[in-house]
Amino acid sequence: MEVLYGSTRNDTRKVQASQAILQGLSEDGGLFVPDHIPALDKSLQEISEMDYRETAYEVMKLFLSDFTKEELTSCIDKAYDAKFDTKEIAPLVEKEHTYYLELFHGATIAFKDMALSILPHLMITSAKKNHAKETIVILTATSGDTGKAALAGFADVEGTKIIVFYPKNGVSPIQEKQMVTQKGDNTCVVGIHGNFDDAQTGVKQIFSDKELEKEMLEHGLRFSSANSINIGRLVPQIVYYVYAYTRLLKEGKIADGEAINVVVPTGNFGNILAAFYAKNMGVPIAKLICASNENKVLYDFFRTGSYDRNREFVLTSSPSMDILISSNLERLIYRIAGNDAGKNADFMNALAKSGAYSITEEMKAQLGDFYGNYASEKETADSIRSLYEKTGYVMDTHTAVANAVYQKYLNETSDQTKTVIASTASPFKFTRSVMNAIDAGYDSMSDFELVGELSRIADVKVPKAIEEIETAPILHDMVCEKDEMKKTVKEILGISQH
C-alpha cells in the first residue's frame with residue numbers, strides 16, 4: 001500500500017514521497033508525515049541475515065513507495081560505501097551489558113552521516129522524477145553536526161547549492177573548523193550572532209516567504225532542506241534501529257520478539273522519533289529513553305505535558321543538543337493529537353506566539369512509551385570518565401548524556417531489559433570536553449595535541465575527517481546578524497535586493 005505524505009498543519013493535500021523530499025517543508029510551515037506507518041514485510045529473522053544496505057532497502061522501500069527498486073538501490077549503494085570506515089556501517093559495541101550503536105563511522109564522524117550521505121541522491125532522484133528544472137538550494141541551520149554532514153553530502157552535487165547557518169559561538173572548535181574548511185563550488189557557510197534556535201527560526205521564515213519563493217523561481221532556483229524536518233532525512237534514520245535489533249538477534253544476544261530499550265541523546269527530536277517509527281513498524285522496542293542536556297525542555301515536556309521554551313539557553317559541552325525548539329516533536333504531537341492537523345496547528349501557533357503550549361491529559365496518556373530525563377554538565381563528564389576507567393572505552397559528550405540518563409533510568413526502575421544507546425558522534429569531534437572529563441591535567445594541550453592523546457589512550461586511530469582539517473585552509477568566513485539571514489541568502493544567490 002502506497003505511503004503518502006500530508007502536512008502536520010493541514011493534511012487535506014497528500015503528496016508522494018519524492019515530492020515531500022524535494023519540498024522539505026510544507027507550504028503551510030508544517031512537517032510532512034506519512035499517512036500511515038507501514039509494517040515491515042520481512043520477518044526480523046529474515047532481516048538479520050541481511051547487511052546494512054539490504055536492511056536499508058527493506059525499510060526505505062516501504063516509506064518511499066514511489067521510488068523504483070533500481071532508483072532506491074542506486075541511492076543506497078552510493079551512500080553506504082567506502083565513505084564509512086567500518087564494513088558494518090553502524091557497529092554495535094557491548095560495554096558493561098549495554099550496547100553502543102556507533103553511528104559515527106561516516107565522512108564527518110557524526111550520526112548525521114547516516115542520513116545525509118543518502119539525502120543528496122534521494123533529492124536528485126526526486127527532482128528527476130518530478131521534472132524539476134530549477135537548481136535546488138539546500139538551506140539548513142545547524143547546531144554543529146548537520147551542517148558539516150550536509151555540506152559533505154551536497155558538495156559539488158550537480159544541480160544543487162547549499163547554504164548552512166550556524167551559531168558563531170555555539171559549536172565546538174572542531175565542528176566549526178570542519179564547516180569553514182569545506183570544499184565545493186556550490187557550498188556556503190555563514191556564522192550568525194545568535195544561537196541555534198535563532199538560526200533555525202530564520203531558516204523556517206525564509207522557507208515560508210512567498211515573495212522570496214517567487215523571486216527564486218524567476219532565477220531558476222528552489223529551496224529544500226537537509227534538516228531532519230525533511231522526511232528524506234528521517235526515513236534513513238529508522239534503518240539503523242531496525243539494523244541494531246536484527247544484529248542483536250543474529251548474534252544470539254536476544255531472542256526473536258524479545259523487547260529492547262533504546263536511549264537517544266536528542267535536541268531536535270528527530271533521532272528518537274526515528275526509533276519511535278521503527279517501533280511502530282514492528283521492531284520490539286519497549287522504552288524510548290529521551291536524554292537531554294541542561295537545555296532540558298524535552299525532559300520537562302515528558303514530565304509535565306507542557307512545552308515551554310521561555311528559559312535561559314545554556315551552552316553545554318554537548319552543543320548539538322543545545323536546542324529549545326525541538327522541530328521534530330511536532331510530528332509526535334500531530335500523532336498523539338489523533339492525526340488532527342488543526343489541533344496540532346493550534347499548539348504550534350501558541351509556541352510561535354507565547355513560546356509554550358500544554359497538551360491534553362489524553363494526549364499525555366499516549367506518551368507511555370517514552371521516558372525523559374537530563375544530565376548536568378558534571379554528570380556528563382563523570383559518565384565519560386567512569387566508563388573509560390572501567391572499560392577503556394571513550395565516548396563523546398552526547399553519548400555520555402545518554403549514558404548518564406540511562407543510569408538514572410536504571411536507578412529509578414531497575415529495568416533489566418537489554419538496551420541500545422545511540423552513540424551519535426566520535427569523541428574526536430569534542431576532544432577538549434572529552435579529555436578534560438577524563439583528566440583535568442590535559443588543559444594545557446592544544447586541540448590537535450589532544451587528538452593524538454585521545455587516539456593513544458582510547459587505542460583508536462585518528463579519523464580521516466580530523467586529520468584532513470588540521471592543515472586545511474579556511475574557505476568560509478561570512479558572519480551575519482540573526483535578522484540579516486534573508487538578505488545574506490539573496491546576496492549569496494545573486495538575487496537583487498528590492
Given side chain to side chain contact (heavy atoms under 4.5 Å, CB included), test Y99 with K253 step by step and report yes or no.
CA-CA 10 Å; Y99 300 92; K253 310 279 191 194; 3.4 Å; yes

Would you sort out whether R311 and D300 count as a salt bridge (charged side-chain N to carboxylate O under 4.0 Å, His left out), showing the intermediate values?
CA-CA 12 Å; R311 60 183 71 206; D300 292 338; 2.8 Å; yes

Please lay out, stage by stage, how F104 and K112 fare under the test side chain to side chain contact (heavy atoms under 4.5 Å, CB included).
CA-CA 8 Å; F104 51 77; K112 308 291 168 83; over 6 Å; no

I'd like to know whether E362 forms a side chain to side chain contact (heavy atoms under 4.5 Å, CB included) with T360, so could you lay out the CA-CA distance, the side-chain angles of the two residues, the decisive distance to 0.1 Å, and finally the verdict.
CA-CA 5 Å; E362 61 185 24; T360 64; 3.5 Å; yes

As a quick check of understanding, evaluate side chain to side chain contact (heavy atoms under 4.5 Å, CB included) for T98 and K418, giving each step before the final call.
CA-CA 7 Å; T98 303; K418 291 182 180 115; over 6 Å; no

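A donor atom on one side chain and an acceptor atom on the other are found under 3.5 Å apart for N271 and Y241. Side-chain atoms of T187 and Q182 include no donor-acceptor pair closer than 3.5 Å. Side-chain atoms of S225 and N230 include no donor-acceptor pair closer than 3.5 Å. Under the 3.5 Å distance criterion, with hydrogens and angles disregarded, no donor-acceptor pair is assigned to the side chains of T246 and E46. With hydrogens and angles left out, the side-chain atoms of S317 and S433 include no donor and acceptor closer than 3.5 Å. A donor-acceptor contact under 3.5 angstrom links the side chains of Q178 and K429, judged on distance only. A donor atom on one side chain and an acceptor atom on the other are found under 3.5 Å apart for S327 and K204. Side-chain contact, T201 with D198: no donor N or O sits under 3.5 Å from an acceptor N or O. A donor-acceptor contact under 3.5 angstrom links the side chains of N328 and S228, judged on distance only. One side chain, S326 or Y307, offers a donor N or O that lies under 3.5 Å from an acceptor on the other. Side-chain atoms of K95 and T391 include no donor-acceptor pair closer than 3.5 Å. Between the side chains of S306 and D308, not a single donor N or O lies within less than 3.5 Å of an accepting N or O.
Under a 3.5 Å cut-off, the side chain of E389 and the backbone N or O of S386 do not form any donor-acceptor pair. When atom types are taken as modelled, the side chain of D322 and the backbone of T316 share a donor-acceptor pair closer than 3.5 angstrom. Proximity of a side-chain donor or acceptor of D51 to a complementary backbone N or O of R53 within less than 3.5 Å is detected. The backbone N or O of S455 sits nowhere less than 3.5 Å from a side-chain atom of D459 that would complete a donor-acceptor pair. Listed for the S224 side chain is a donor-acceptor partner under 3.5 Å among the backbone atoms of I21.
The side-chain heavy atoms of I323 and N295, taken from C-beta on, include no pair separated by under 4.5 Å. The closest side-chain heavy-atom distance from I163 to I138 is not below 4.5 Å. Residues E294 and F313 form no side-chain contact, since every pair of their non-hydrogen atoms from C-beta on lies 4.5 Å or further apart. The shortest side-chain heavy-atom distance between F165 and T142 does not fall under the 4.5 Å cut-off. Using a 4.5 Å cut-off on side-chain heavy atoms (C-beta onward), R335 and I37 make contact. With contacts defined as side-chain heavy-atom distances shorter than 4.5 Å, the pair V420/N261 does not qualify. Annotation: side chain of N436 is in contact with side chain of D443 (closest heavy-atom distance under 4.5 Å). Taking 4.5 Å as the limit, every side-chain heavy atom of P463 sits out of range of all side-chain heavy atoms of H105.
Here K464 does not pair with E467 in a salt bridge; the nearest charged N to carboxylate O distance is not below 4.0 Å. In summary, E470 and K177 do not engage in a salt bridge, as defined by a charged side-chain N under 4.0 Å from a carboxylate O.
Taking every heavy atom of both residues into account, M321 and A291 meet most closely at CE-O, 3.3 Å. Looking at every heavy atom in both residues, P236 comes nearest to L122 through CG-CD1, 4.4 Å. Looking at every heavy atom in both residues, L119 comes nearest to A226 through CD2-CA, 3.6 Å. Annotation for Y442 and M435: closest pair CD1-O, 3.2 Å, computed over non-hydrogen atoms. Nearest heavy atoms, F269 versus C290: CE1-SG, 4.3 Å. Closest approach of V242 to A278, counting heavy atoms only: CG2-CB, 4.4 Å.
For F63, the CZ atom counts as densely surrounded, since its 6.0 Å shell holds more than 12 non-hydrogen atoms of other residues, nucleotides or ligands. Within a 6.0 Å radius of CD in E412, more than 12 heavy atoms belonging to other residues, nucleotides or ligands are found. Few gaps surround CG on D369; more than 12 heavy atoms of other groups in view lie less than 6.0 Å from it.
Here the rule is salt bridge (charged side-chain N to carboxylate O under 4.0 Å, His left out) with E379, and of K408, K296, R385 only K408 fits it. Exactly one residue among Y357, Y334, F301 makes a ring-ring contact (aromatic ring centres under 6.0 Å, His included) with F347. That residue is Y357.
In summary, the aromatic rings of Y393 and Y100 are positioned with their centroids under 6.0 Å apart. With ring centers used as reference points, H398 lies 6.0 Å or more from F111.
Using cut-offs of 30° and 60° on the angle between ring planes, the pair Y80 and Y52 is perpendicular. In this structure, Y409 and Y371 have perpendicular ring planes: the angle between them is above 60°, well past the 30° mark.
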